[in-house]
**Q** 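Starting off with a structure, shown below.
Whatever order the structure lists them in is the order used to number ligands and atoms, beginning at 1.
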Amino acid sequence: MDVAKKIVLVVLDGGGDRPTVGKKTPLMAASRPFLDHMATEGILGIMDVIAPGTPPGSDTAHLSLLGYAPEEAYTGRGPFEAAGVGINVRPGDIAFRGNFATVKDGMVVDRRAGRISDTRQLAEAIRTRVHLDCEFIFKESVGHRAALVLRGEELSPMIRSTDPLHAGEPIVSSTPLKDDDSSTRTARIVNEFTRQVHLILKDLPINRERERHGQLPANMVLLRGAGAVPHLVPFEQRTGLKAAVIAATALVIGIGKLTGMQYFPTKGATGHINSNIEGKVDNVNKALKDHDFILLNIKGADEAGHDGNFDVKSKFLSHVDRVLSKLDIDDSIITVITADHSTPVSLKEHSGDPVPFLIRGKGVRTDQTNEFNEFYAAQGGMHRIRGLDMMPVLMDLLGLRKKFGA
Ligand code: ZN
Ligand code: ZN
């Protein structure tokens with residue numbers, strides 16, 4: 001069969017936008033020689049990653065793009081985040097995202113503990129000195145971030161998180177959201193975690209030191225995003241494709257890991273606009289040697305969107321165009337360029353606007369579009385699809401879809 005053999009799926013996180021400056025989107029204003037060349041050779045369309053008008057989270061969006069219905073696969077952000085920071089989670093574990101924070105008299109002063117950067121000693125103190133009524137795993141991540149996993153019988157994700165989400169508000173006392181023993185027990189364990197963490201962290205020398213230097217002490221860990229780790233059928237088992245994930249954010253790395261993909265870490269990949277995306281593209285080229293499917297997530301555009309910065313977003317996308325031109329791809333590789341959602345600079349938040357996508361490679365029909373942006377994508381030959389349609393389309397291009405009927 002003369003078909004393409006591999007797939008590279010490039011997700012420009014938050015890459016979609018609305019027309020603002022000069023009636024253009026950041027992608028329309030960006031310089032895109034490479035992406036426009038790909039658009040000329042390939043086919044374009046727009047995609048409702050979840051459903052029309054539904055603003056996707058990065059997690060549910062990536063699950064959709066990989067062919068996992070988020071209504072079934074998504075149980076909260078915690079499990080993916082915990083897997084992403086390197087905790088070997090198991091189905092049934094209760095996982096949370098955590099923030100090192102500063103509290104005073106039960107009130108949250110700063111949810112990021114003065115943007116603390118090194119929390120290794122604090123995390124080690126939590127690991128060795130906190131004692132809970134069940135097994136737990138705590139791991140620090142980048143910056144002020146961390147993850148907590150509770151493991152054992154009689155645990156439930158149906159509890160209120162302790163993070164009030166805004167400074168100036170009291171730490172939330174966890175309560176069960178369901179009237180059963182396991183939820184009551186889990187809420188009690190979480191409150192006990194909160195109590196012990198504060199007692200241990202507040203007197204640690206590293207925090208005393210921070211206070212002496214006028215910095216905020218990291219004397220609390222706030223929890224949110226509780227979820228039971230789902231059992232996901234491995235991507236390779238579903239598709240027959242040996243898959244790799246290349247990303248900077250714990251969330252996307254975690255989705256890759258929980259679906260059984262091999263994670264290729266990239267030095268200097270920060271998830272910010274200064275990220276080492278050259279290194280990520282090098283990793284894609286490396287991974288292509290013995291993998292059939294590569295998920296590459298590039299994060300910066302989402303951040304610029306949340307900051308409401310049109311120029312930064314547009315310049316970053318121009319930079320991405322230059323770096324993607326180094327992808328070692330030919331006709332035998334189906335290449336997809338898309339976004340997981342739009343993060344319009346005018347909203348500083350994700351929106352339900354469809355995202356543009358392009359598909360290029362052997363067997364792909366072409367259309368008349370020759371630029372990659374929201375405007376041209378809306379005129380593309382793929383018209384409008386949903387996120388869950390993407391994998392079947394790609395699998396069919398590899399000749400791996402079964403005929404429906406005789
Ligand atoms: Zn995203
Ligand atoms: Zn975002």
Side-chain angles (χ1 to χ4, degrees), residues 9-18 20 25-27 46-51 53-68 70 73-74 76-81 83-85 97 99 111-112 141-145 163 165 224-225 227 245-259 261 263 266 269-275 277 280 295-310 312-314 316-317 320 324 336-357 374 377 386-388 390:
L9 171 59
V10 180
V11 179
L12 308 176
D13 207 299
D17 212 301
R18 295 176 175 177
T20 37
T25 66
L27 188 56
I46 55 176
M47 174 166 51
D48 298 293
V49 183
I50 306 289
T54 300
S58 292
D59 36 24
T60 50
H62 279 79
L63 285 169
S64 265
L65 288 172
L66 297 174
Y68 294 84
Y74 187 66
R77 186 163 178 155
F80 299 104
E81 200 87 20
V85 307
R97 314 168 65 190
N99 269 12
R111 289 183 61 250
R112 295 167 175 173
S141 176
V142 286
H144 56 280
R145 298 182 186 86
D163 189 341
L165 302 180
R224 65 194 156 116
V245 58
I246 293 154
T249 53
L251 191 63
V252 179
I253 297 166
I255 286 172
K257 285 189 172 176
L258 278 180
T259 54
M261 298 184 179
Y263 166 53
T266 310
T270 57
H272 303 298
I273 52 160
N274 65 0
S275 185
I277 51 177
K280 285 172 144 179
L295 167 63
L296 167 64
N297 172 283
I298 297 177
K299 179 80 175 157
D302 181 55
E303 186 182 54
H306 283 291
D307 290 343
N309 201 324
F310 186 97
V312 168
K313 185 166 177 179
S314 189
F316 180 75
L317 290 167
V320 167
L324 286 181
V336 182
I337 316 276
T338 188
D340 55 345
H341 48 79
S342 300
T343 310
V345 292
S346 55
L347 294 185
K348 301 185 178 179
E349 214 3 293
H350 303 184
S351 72
D353 298 293
V355 297
F357 70 91
E374 294 87 342
R386 292 200 186 197
L388 277 175
M390 185 55 91

**Q** Of Thr259, Asp13, Asn297, which is the lone residue that meets side-chain hydrogen bond (donor to acceptor under 3.5 Å, both in side chains) with His62?
**A** Asn297
**Q** Short question: side chain of His350, backbone of Pro56 - any donor-acceptor pair under 3.5 Å?
**A** yes
**Q** Among side-chain atoms of His341 and Ser58, is any donor-acceptor pair under 3.5 angstrom?
**A**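 Note: His341 and Ser58 side chains meet the donor-acceptor criterion.
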**Q** Out of Asp302, Asp307, Asp17, which residue meets the salt bridge (charged side-chain N to carboxylate O under 4.0 Å, His left out) rule with Lys313?
**A** Asp17
**Q** Tell me whether the rings of Phe80 and Tyr74 are parallel (<30°), tilted (30 to 60°) or perpendicular (>60°).
**A** parallel
**Q** Spell out, as yes or no, whether a donor-acceptor pair under 3.5 Å connects the side chain of Thr338 to the backbone of Pro356.
**A** yes
**Q** For the Zn ion (ligand 1), how many protein N, O or S atoms come closer than 2.8 Å?
**A** 4
